[in-house]
Amino acid sequence: LCSNNNPYASFGATLARDEEQNLWSTPHDVTHTEADDDRVLYNMIVVRNQLDKDSEEWQKLNYDIYTLRQTRKEVRSRWKHILEDLGFQKEADSLLSVTKLSIISDSQNMSKARDILLKLSEETNIFPTSWELSERYLFVVDRLIALDAADEFFRMASAVYPKRPGGDRLDEGPRPLQS
């Protein structure tokens, strides 16, 4: 089964494949899902890997991939920050974990979850201006509805990441909460 009787022969190849599947934020991210935004990133990676590494196109695509990953990390970090402020310190990572096996807890919540997610996008700065809403966060909002914490999450997101005229900047960090 293993070439040359070496059980570790494919180890490097496995790591390379895992890195290519890294479509969310960090290597070996277990929250990978095949959402539209993941497919876009995956396609960028495939195209980049077919190009010569010394080419200008490769460098541009590599920069775009890096930028997209950093933006996604920052958005996730914002959500985690708010969840932790709401008292979900131990549960924040699991609340943000979305896989292909994730399900909506109650189909009746779907409409409310979509409304809250859209409201977060329009009325807060938790997502960058150019962000296309990710299905991943629909699952997170559904979980918050089930925990009866969605409205409080929205209130806190509005306070910490208020919508500012003239766009947003991901590198500014959260605004401190006022008591």
Side-chain angles (χ1 to χ4, degrees), residues 1-83 91-105 107 110 113-114 116-122 124-144 157 161 167-174:
L1 294 176
C2 296
S3 62
N4 301 331
N5 294 329
N6 181 353
Y8 304 106
S10 68
F11 182 70
T14 301
L15 287 177
R17 278 193 308 273
D18 286 350
E19 175 58 25
E20 292 308 305
Q21 296 302 315
N22 166 23
L23 302 179
W24 181 241
S25 58
T26 57
H28 313 292
D29 182 357
V30 297
T31 65
H32 167 71
T33 185
E34 292 183 1
D36 288 341
D37 54 334
D38 287 332
R39 279 188 227 108
V40 168
L41 183 53
Y42 177 77
N43 289 335
M44 289 170 67
I45 292 169
V46 168
V47 170
R48 179 200 63 189
N49 291 345
Q50 294 172 349
L51 298 171
D52 180 23
K53 284 188 178 183
D54 294 330
S55 71
E56 188 176 322
E57 298 89 44
W58 186 92
Q59 291 176 359
K60 182 186 179 321
L61 217 49
N62 196 52
Y63 177 79
D64 291 344
I65 290 167
Y66 172 80
T67 302
L68 183 54
R69 283 181 171 160
Q70 289 305 110
T71 302
R72 291 166 82 161
K73 273 185 187 180
E74 179 60 32
V75 169
R76 187 181 190 285
S77 175
R78 288 177 176 198
W79 279 72
K80 185 174 180 176
H81 170 77
I82 295 172
L83 289 170
E91 301 87 358
D93 287 324
S94 62
L95 285 170
L96 291 169
S97 177
V98 177
T99 68
K100 290 186 273 187
L101 302 176
S102 297
I103 58 169
I104 297 293
S105 63
S107 60
M110 181 63 86
R114 284 188 199 282
I116 292 172
L117 189 60
L118 188 58
K119 197 171 160 184
L120 281 165
S121 173
E122 293 172 348
T124 73
N125 199 26
I126 197 166
F127 296 112
T129 305
S130 60
W131 185 268
E132 290 191 27
L133 291 181
S134 173
E135 182 181 8
R136 176 179 313 274
Y137 290 102
L138 188 62
F139 287 94
V140 178
V141 172
D142 173 64
R143 293 169 183 167
L144 292 173
Y161 301 105
D168 60 358
R169 293 183 46 143
L170 283 177
D171 58 343
E172 287 179 2

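Position 1 is the first residue of the sequence; numbering continues from there.
- Scanning all heavy atoms of the two residues, the minimum distance from Leu120 to Ala157 falls at CD2-CB, 3.6 Å.
- Phe127 and Trp79 have tilted rings, their planes meeting at an angle from 30° to 60° on a 0 to 90° scale.
- A distance of 12.0 Å separates CG of Asp64 from CD1 of Ile45, quoted to the nearest 0.5 Å.
- Remark: Glu74 engages Arg78 in a salt bridge, criterion side-chain N to carboxylate O under 4.0 Å.
- Shown here are the side-chain contact (heavy atoms from CB on, under 4.5 Å) partners of Lys80, two or more places apart in sequence or in another chain: Arg76, Glu84, Ala92, Asp93, Leu96.
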- Would you sort out whether Val98 and Leu138 count as a side chain to side chain contact (heavy atoms under 4.5 Å, CB included), showing the intermediate values? CA-CA 10 Å; Val98 177; Leu138 188 62; over 6 Å; no
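- Annotation: side chain of Val75 is not in contact with side chain of Ile126 (no heavy-atom distance under 4.5 Å).
- Looking at Leu118 and Arg114, their side chains never come closer than 4.5 Å, going by heavy atoms from C-beta outward.
- The shortest distance between side-chain heavy atoms of Leu51 and Lys60 does not fall below 4.5 Å.
- Atom CD1 of Ile82 and atom OH of Tyr161 lie 5.5 Å apart (nearest 0.5 Å).
- Remark: side-chain polar atoms of Arg48 are not paired, donor with acceptor, to backbone N or O of Leu61 under 3.5 angstrom.
- A distance of 8.5 Å separates CH2 of Trp58 from CD1 of Ile65, quoted to the nearest 0.5 Å.
- A donor-acceptor pair under 3.5 Å links the side-chain atoms of Thr71 to the main chain of Thr67, judged by distance alone.
- Taken from CD in Glu91 to CZ in Arg143, the straight-line distance is 12.5 Å, to the nearest 0.5 Å.
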